[in-house]
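The structure displayed is predicted, hence computed values, not measured ones. Just so we're on the same page: letters track the sequence lines, and every chain starts at 1.
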Protein chains: 2
Amino acid sequence: MPTVPDWVKQLKPAGPQGSELLEQERAKSKVNTSALSTFLHTKAGLERKHKILAILQQEKVFDKSQNYFAGRVDRFETALARAKKLRQLYVKHGWTNDDKQCANELISEPGPYGLHESMFLITLQGQGNAEQHKRFLEPAQEYKYIGCYAQTELGHGSNVRGLETTATWNPEDKTFTIHSPTLTSSKWWIGSLGRTANFAVVMAQLYLGGKPYGPHPFVVQIRDLKTHQPLENIAIGDIGPKFGYNTMDNGYLLFNKVKVPHISMLARFSSIDPKTSKYIRPSSPSLIYGTLTWVRSTIVLQSGGVLARGVTIATRYCSVRRQFQDRDDQSKESGENQVINYTMVQIRLLPLLATCFALHFTGRGMMALYEANQRKLAADSGKAAAQASNRGAGPEETASSSDLLADLHATSCGLKSLASYTAVEGLEMCRRACGGHGYSNFSGIGTWFADYLPTATWEGDNYMLTQQVARYLLKSARSVLKGVDPTNDTQSILSNFLARQDQGAAFDVLSKDEDIVEAFAWRSSFLTFEALKHRDEQKRSWNSLLVDFYRLSRAHSQYMVVKNFYETLQSPAISSELDPPTLDVMHKLFRLYALHTLEQEASEFYTSSAVTVRQIQLARTSSVMKLLEEIRPHAIRLVDSWDFPDWQLDSSLGRSDGKVYEDMFYRASELNPLNNITVDPYPDSPVLFREKEAQKAKL
Amino acid sequence: MPTVPDWVKQLKPAGPQGSELLEQERAKSKVNTSALSTFLHTKAGLERKHKILAILQQEKVFDKSQNYFAGRVDRFETALARAKKLRQLYVKHGWTNDDKQCANELISEPGPYGLHESMFLITLQGQGNAEQHKRFLEPAQEYKYIGCYAQTELGHGSNVRGLETTATWNPEDKTFTIHSPTLTSSKWWIGSLGRTANFAVVMAQLYLGGKPYGPHPFVVQIRDLKTHQPLENIAIGDIGPKFGYNTMDNGYLLFNKVKVPHISMLARFSSIDPKTSKYIRPSSPSLIYGTLTWVRSTIVLQSGGVLARGVTIATRYCSVRRQFQDRDDQSKESGENQVINYTMVQIRLLPLLATCFALHFTGRGMMALYEANQRKLAADSGKAAAQASNRGAGPEETASSSDLLADLHATSCGLKSLASYTAVEGLEMCRRACGGHGYSNFSGIGTWFADYLPTATWEGDNYMLTQQVARYLLKSARSVLKGVDPTNDTQSILSNFLARQDQGAAFDVLSKDEDIVEAFAWRSSFLTFEALKHRDEQKRSWNSLLVDFYRLSRAHSQYMVVKNFYETLQSPAISSELDPPTLDVMHKLFRLYALHTLEQEASEFYTSSAVTVRQIQLARTSSVMKLLEEIRPHAIRLVDSWDFPDWQLDSSLGRSDGKVYEDMFYRASELNPLNNITVDPYPDSPVLFREKEAQKAKL
């Protein structure tokens, strides 16, 4: 590695030092960082993190110092080594899945076992029968089979019904023929497939007696277990570099009429009777429905922390960075101003800081609802089964919990879309708030942003999902219009709107928190009935309403975020865990999130008459600006409470000790491999790198 | 490279083929692509592009096929080879600077000579005297000296006055001592410095007799011309990987009391008399001011084309990609729908398509204004010089053209900020509109976006710049309030607003184009006088108004874009070059840009009473949706008119022949180096890549 002269090593940043500035910041706020950390992550969660962190830091393979420099092939190699080590640690320390998840978050890079450990095992577990568990799941749990989940195709993303890969039942020898009839039927984007997996769950259109039965999952061996070469008539490869996620080998996969045995079709919900060649229909599709809802709820829960990483980095750097003097204070003594003192920086960062909490609490609310619903579903199933055995009835008996699941499903769709885009856009805003240095990989934001981006597309494209929210809201509105009694919150707010719409709204959003929540509910309800009018009365085409649906989903999801934040602040838990000064700041963060959102979406709030033009003006020019000023002194302690270890952030700008410039310089000068080469700069010289020339000369 | 089985090579995408779909698109519109191309780029511009393209494609070094795969060091090596070859071609073919610029745009990657060929030569030329031209500029033009422009420091970006590097005059030996007193004084981000340059223009605080004279430029040799090693007491290196721009060696630079001769200080505008050691003040700072304005105008002009690349790719791919059936048309025959038929896709892409034209025409308007002003300035200077020689007066005589320059300066600041962010955000929107495949590097959008991003920071941070616009608008408003007669458009619209504000506005934005322009002028004027009231009457602090200033700058800049687009459509040039059907579509694009922007910024338009709530609702639900439908059939021909060669786009998704899937597959399977490795996937095996293991075994 390049050497740095001694006179350079002795230089310090111009004062005041970053470490002094951050200490001052921490001294001037009474926010109880540790209590807030515990409230956010639980005591057990924090202890786990520090335990796992200590283990990872001892292993050389997890050293991050070359992460930002290495090219694709090298990064993949390191990621594979890390994945193996992680599995060894899991076995050695007897980790739980929570421990492993925690380790993955600390390492913060997708790894080649990623899809094996998630979708492959989950699908085998959830959709395989006992025989298949023994045949496939057990070796997979021992990493003898390493799998992936092959659904998306080159020509088919969101629309699963449009998949082209076929699985044709051959009654004569009790096999299926898996086939890729076209180039667009090539499986594509499949994580862990490109170089790593030797098995795949393949989603294919089932054909039986010449008739299509829709997409079904098949377990297929794709590579030789010894040579790791693709099996005959199977083509596999990595799909190439991406904007991020380059430690993962997303792959493609094609079949040329490959025969697999009867046991390959995962048979817990639907199957083929090998004797009669008859199709046995799925018994309870709502359970699968439930898995997707759970995955989306997880995305909502994680989005707060994802964004908090960027906000932590930007807030710390903007407290260390000083630039220009305040225009109204040009005295020589004051020196340059901390960037975070400028309102233009505050308006970009502090609402995002509030958003981290808002999303986190919303995700928690979602998870609690999901778990409550699962319990109810299990109870109902028991009842239904009992009734069914008495009356010979089918799965429609579970209607009541299915209805709740529909609400949860729609909520998870809308919130997944809102939360992941909010995190994506917020991270880019944080990167920009770091000025020029935000562009350096050492900021730690750009690569994190790039790796997170696909979350907006997977588990339901963020735009597509909003149609499901709209469909559900329209259905709820129709039911409310018919006079059906509300059975959930969505129906309640719609019903409340109907009852009050002739009196009009008079929400005191600037003084009363509960009125803020009501104003968000009002706007969402207004947009729902507007959309219903367009569709049911004016008979407008579905396609012509997609833009309205997108707005509607966004409005409804924002209502849910505001509501969840509000309810968290009302909960006994928060009052018992946080002291009054800390609680007071949390309360201000709620108001900042809500009023800033209200002001950003002003036009819909006016149009629905939820608030007046004057209220919006006041929210912007007075309330929001005042809240920025009040929250500003607590910014560092608030980001500290997210408790990201420096090792996890891997950011020069976001260092908790404020040694921003020292770290930038160290990484650039001492870790940077480009500084090992000497170029020949003259256009007429054919020599590029002199070291290479010298090597050639030696040979 | 990996081999692909024959049965895979014979596969075709499911029909209809992309090529057929794009042909259908082209057949259904009467937009005259070739006439529109000529109007956008001029005949000479198009001819130049095709001439240069043919030359570049013949040279192996410009082959792009490994660009998306290579790591940092390899990419830099290739970029250096390309820079050298480009210089050789320039000499060989006797290229003009326009030819070279065209070649750079086709190659579309920053190169290691980038800053030598721009800022280094421009600064020597513009700020050096005749002696310095001979001593520095001439060898630089022959690439004996290869330079960079070292202004930004690790701790100092936007605030040039805060720079820490010092240049102290030593009267005893007529030298300057260049010194870096702290770590934060390290030059940082300097393009072409990290590995390539052997000279630098260094901006340093001049000290003379212990007194500071502010930042001045010094020409300093930094590396040995033979060994290319840093000279004694100089530390240099590359600053490491960035989010993009990785073919450029942005560098750092520190000096440990390095002495340079008197001739090093660029002396055209200010200098030190070596005999008396007296400082000679700058004669005409407005000329330097002019260069920055020119650079920003260029950014505005380019932003349209920058965005058009993304729009071209996304529009073509969304015409080839089909997904889901239309919900209101579920007949079996219709098959999957082209994605571009969905209104949710149209609302994301078509306003951006309109924006490309809007920004391009605005950039052109700016350039024309700049050139007219330069001519006026030259004429005035002549007059002033004549007068000065009569009366012994100084540079303040050029006041009238300086006033115009101030207007142009403010305009360029606001538009640079708006245009570059519009392009940045629009490119990300285009990437998303491509769904999952937008995330692949083969989309051609992600890397282009990442390379373009710093434009938002350099030549004035986009947020900082808005303060200059606000300052100028406040000054103009004060002058209008005093009753001074308007001398430019800004003063005219402010004055018009004052005259009419008591009557109120009644702009018929939904029917009359000129009323749209007036509504934008009204909103900008309203916000100007609001801001003035806050500052001058309510005496609010500058810092508390920064958010208002940002909005004001944005509003004023949007007004200018709308006005420029409108005026281009009124110009005799466009009517003579475009036939009525093409002109009609251009007119629709104007309305789409303007009404969509008006709707996005609805809240400011209401508040200023420029339009009513009802008008905004109609603009959204009726006018904009109708325009999308009307423009949709012309989308492909409109993007074709930007005339990007496929070689330039380097995108699977944006191929002009629609062979999207074939190209994706080819790049992934046949160009991808990761597919050359075979992993050992089992966690307990220490082997990662089997090829490496096999090599080790051989040794």
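Side chains of A/Tyr252 and B/Asn675: no donor on one and acceptor on the other come within 3.5 Å.
With chain B as the partner, the residue from A/Arg322, A/Arg431, A/His116 showing the most heavy-atom pairs under 4.5 Å is A/Arg431. In terms of heavy-atom pairs under 4.5 angstrom with chain A, the leader among B/Thr447, B/Leu254, B/Asn441, B/Asp680 is B/Asn441. The choice from A/Ile347, A/Leu545, A/Asn543, A/Thr184 that makes the most heavy-atom pairs within less than 4.5 Å of chain B is A/Asn543. Chain B forms the most heavy-atom pairs under 4.5 Å with one residue out of A/Leu11, A/Leu183, A/Asn233, and that residue is A/Leu183. Across A/Val73, A/Thr196, A/Asn256, the residue that shares the most heavy-atom pairs under 4.5 angstrom with chain B is A/Asn256. Among A/Tyr463, A/Phe442, A/Tyr143, the residue with the largest count of heavy-atom pairs under 4.5 Å with chain B is A/Tyr463. Looking only at heavy-atom pairs under 4.5 Å with chain B, the residue among A/Ala235, A/Gly162, A/Ser443 that has the most is A/Ala235.
With a 4.5 angstrom heavy-atom cutoff, A/Gln10 does not touch chain B via any of its atoms. Proximity to chain B (any heavy atom under 4.5 Å) is shown, for A/Pro112, by neither the backbone nor the side chain. For chain B, the nearby part of A/Ile234 is the backbone; its heavy atoms alone come within less than 4.5 Å. Interface remark: A/Asn337 contributes no atoms to any contact with chain B (heavy atom separation under 4.5 Å). Using a 4.5 Å cut-off between heavy atoms, A/His534 makes no contact with chain B at all. For a residue to count as touching a neighbouring chain, one of its non-hydrogen atoms must lie under 4.5 Å from one of that chain's; by this rule A/Lys85 does not touch chain B. For chain B, the nearby part of A/Pro5 is the side chain; its heavy atoms alone come within less than 4.5 Å. Within the 4.5 angstrom heavy-atom criterion, no atom of A/Phe549 approaches chain B. Using a 4.5 Å cut-off between heavy atoms, A/Arg348 contacts chain B through its side chain alone, with no backbone atom that close. Using a 4.5 Å cut-off between heavy atoms, A/Leu628 does not touch chain B at all. Contact annotation for A/Arg667: neither backbone nor side-chain heavy atoms come within less than 4.5 Å of a heavy atom of chain B. Contacts between A/Val424 and chain B at a heavy-atom distance below 4.5 Å involve the side chain alone, from C-beta outward. With a threshold of 4.5 angstrom between heavy atoms, A/Trp188 approaches chain B through side-chain atoms but not through N, CA, C or O. With a threshold of 4.5 angstrom between heavy atoms, A/Glu629 does not approach chain B through any atom at all.
Here the shortest heavy-atom pairing between A/Leu154 and B/Tyr661 reads O-CE2, 3.3 Å.
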A/Glu428 vs B/Leu453, side-chain contact (heavy atoms from CB on, under 4.5 Å): CA-CA, chis, key distance, verdict
CA-CA 11 Å; A/Glu428 167 61 12; B/Leu453 265 186; 3.8 Å; yes

Kindly determine whether B/Ile445 and A/Phe243 satisfy side-chain contact (heavy atoms from CB on, under 4.5 Å), including the steps that lead there.
CA-CA 9 Å; B/Ile445 303 179; A/Phe243 198 57; over 6 Å; no

Given side-chain contact (heavy atoms from CB on, under 4.5 Å), test A/Ile239 with B/Phe665 step by step and report yes or no.
CA-CA 8 Å; A/Ile239 63 162; B/Phe665 194 83; over 6 Å; no

Does the pair A/Asn250 and B/Tyr439 meet the rule for a side-chain hydrogen bond (donor to acceptor under 3.5 Å, both in side chains), with working shown?
CA-CA 12 Å; A/Asn250 295 84; B/Tyr439 194 60; over 6 Å; no

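Expressed to the nearest 0.5 Å, how far CD of B/Gln229 lies from OG1 of A/Thr678 amounts to 4.5 Å.
Under the 4.0 Å criterion applied to side-chain N and carboxylate O atoms, B/Glu77 and A/Arg690 are not assigned as salt-bridge partners. B/Glu604 has no carboxylate O lying under 4.0 Å from a charged side-chain N of A/Arg620, or vice versa, which leaves the two without a salt bridge.
Judged by distance alone, the side chain of A/Asp328 and the main-chain N or O of B/Trp542 form a donor-acceptor pair under 3.5 Å.
When the shell of 6.0 Å around CD of A/Gln600 is examined, it contains more than 12 heavy atoms from other residues, nucleotides or ligands.
Taking the six-membered ring for Trp and the full ring otherwise, the centers of A/Tyr606 and B/Tyr606 sit less than 6.0 Å from each other.
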